[in-house]
Amino acid sequence: MTLFMNKRLIRKYRAYLLPVVVLLLIIWLSLQIVKPKIESIVRLDNEMKLSRMKLEVLLKKANALSVLDPIQLKDMFDTLNTAIPSDKDIPGFMLGIGRAAQEASVSVGLVEVSPGSVSTSSADKIDSKKSITPVTAKVTVRGTFANIISFVSKITNGRRLLKIEGINLSGAGAQRVNEQLSMVFSILVYYQPLPESLGEISLPIVNITDSEEKDFLMLRNFPYYSFIGSQDINTSSSSVQSGTVPVGKADLFNR
Amino acid sequence: MAKEINLLNEQSEESGAEKKLKQRINILSPIILLIYAVLVIGIFSYSLLQTAQASDLKKKIKNTENSIQQMSETESFLRGSKIKLAAVNTVLAQNVDYAQTIARLKEITPEELNLTAMILGGDRSVEVSYRVLNSDLVAGLINNLLNPQIGGKYFEKVKLKNLAFSKDGFYIISLTFAAK
């Protein structure tokens, strides 16, 4: 009886078999294949939107870079690096002070610098986040008042940028013309380490502004009282060339 | 018996409506499946096309990145210059023109005054000490400093720090003020 009933039911609903199979197939396909595919399409579409934006930025950057003159930029950077070097360059500063003093006809009595670690590249980890770092120096100069003023003018208008924090003149007696005075200068000598990498390639480039160009042109005309740009030092005859000084002192306290 | 006949009639009427429905469903089902299949094929085709576009885009990005990489030296010079120029600007803005301050100080100082000490600060502060023979000269210097037409143009916040009279008959005067 039950078998008979089942056969009747099957016969009755056999015609619905195809639509049901189709429906189930559609549901299964939708869940297993179509839905993940659509999700991946949406995801890829979002990625492509970002990629298109990135490409646009990169193309803009590439175009901007291609019109720049690397030789001119190198020249600019080299000049600026003499104004604010990437390392402390204390010897350069001391030589600069000496040369400016020589030109101003004053004598340098004492140059006291506390540079800390001598080389930023070898001794100190460069902190590129720091904007600009000064090294404090004290310079004692002797000369006539007029010559000392000329010295002040020379070092403040020199290429190597520094800031005179204070000038101290003390112990001057009744001033006579061309009397030798002694002045102590507290000077901040600046250096600025550069970042170790250029960062993200998609970072946009920012061109030199007009006011920056103006600063650069002004700075370029400032005299550079240091090793480079001054008279060449004959390194071939120098006895302090690396590796040429005889080393291996037996007794450190003996002359 | 009559009831049975009625029942048979109703059954045969239902079968007719059902038959129509079954027919329609049986025709529509493959059509829907076909449409769905076309839709799926369309989705897959779009996906393939999109993948190709994405790969093309990636290639373009890579090429552009390579060309930027080739110009990295130019970029490093530019970026380095920008960093240095910002620092230059900061330092230049902080600089005090000491030569000018001293020249202005000379301008307001009476001839008979003798400068014995001078401290110029980076914050534009000025401290000067003079040795003077008479008190009129001290008054003259202070008047010059305070006069808006003479010293007042260049200096402000004038304070008399110290005034002493030494055994040898000299006044020793110390003044502090700030350069404008």
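In what follows, chains carry the letters A, B, and so on, assigned in the order in which the sequence lines appear, proteins first and then strands, with residues in each chain numbered from 1.
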Give, as side chain, backbone, both or neither, the part of [X] having an atom under 4.5 angstrom from any heavy atom of chain A.
X      : result
B:S129 : neither
B:I43  : both
B:Q53  : both
B:K62  : neither
B:S125 : neither

Regarding [X] and [Y], do their side chains bring together a donor and an acceptor under 3.5 Å, going by distance alone?
X      : Y      : answer
B:Q100 : B:Y154 : no
A:K163 : B:N95  : no
B:S76  : B:E73  : no
B:T176 : B:K159 : no
A:N63  : A:S66  : no

A:F222 six-ring centre to A:R159 NZ/CZ under 6.0 Å and within 45° of normal: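 No.
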Which atoms of [X] approach chain B - backbone, side chain, both or neither, heavy atom under 4.5 Å:
X      : answer
A:V206 : both
A:K74  : both
A:S211 : neither
A:N207 : both
A:D78  : neither
A:L219 : side chain
A:L203 : both
A:Y190 : side chain
A:S30  : both

Choice from [options] maximising heavy atom contacts with chain B below 4.5 Å:
options                       : result
A:V20, A:L58, A:T79           : A:L58
A:M76, A:M218, A:M183, A:E212 : A:E212
A:I164, A:V152, A:I208        : A:I164
A:V184, A:I26, A:L59, A:V21   : A:I26
A:A83, A:S40, A:G166, A:S153  : A:G166
A:V22, A:L44, A:L161          : A:L44

Between [options], which residue shows the highest count of heavy-atom pairs closer than 4.5 Å to chain A?
options                     : value
B:L28, B:I61, B:D123        : B:I61
B:M71, B:Q23, B:E127, B:Q94 : B:M71
B:T74, B:V128, B:I68        : B:I68
B:V96, B:T90, B:D97, B:L92  : B:L92
B:F44, B:Y130, B:F170       : B:F44

Residues, nucleotides or ligands: over 12 heavy atoms within 6.0 Å of A:I71 CD1: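 Counting other residues, nucleotides and ligands, CD1 of A:I71 stays at 12 neighbours or fewer.
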Derivation of the salt bridge (charged side-chain N to carboxylate O under 4.0 Å, His left out) call for A:E165 and A:K138: CA-CA 10 Å; A:E165 264 291 279; A:K138 253 197 174 104; over 6 Å; no
Identify the two heavy atoms, one from [X] and one from [Y], that lie closest to each other, and give their separation to 0.1 Å.
X      : Y      : answer
B:Q149 : B:N147 : N-OD1, 2.8 Å
A:L162 : A:V189 : CB-CA, 4.3 Å
A:L169 : A:S182 : CD1-O, 3.5 Å

Qualifying residue for side chain to side chain contact (heavy atoms under 4.5 Å, CB included) with B:F155, from B:L105, B:L146, B:N144, B:L175: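 One option only clears the test, and that one is B:L105.
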Distance flag, aromatic centroids of A:F185 and A:F151, threshold under 6.0 Å: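 Centroid distance A:F151-A:F185: below 6.0 Å, so yes.
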Rounded distance (nearest 0.5 Å) linking atom CG of A:D75 with atom CG of A:L80: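 These two atoms lie 9.5 Å from each other.
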Any A:Y191 side-chain heavy atom under 4.5 Å of A:K88 side chain: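 In contact.
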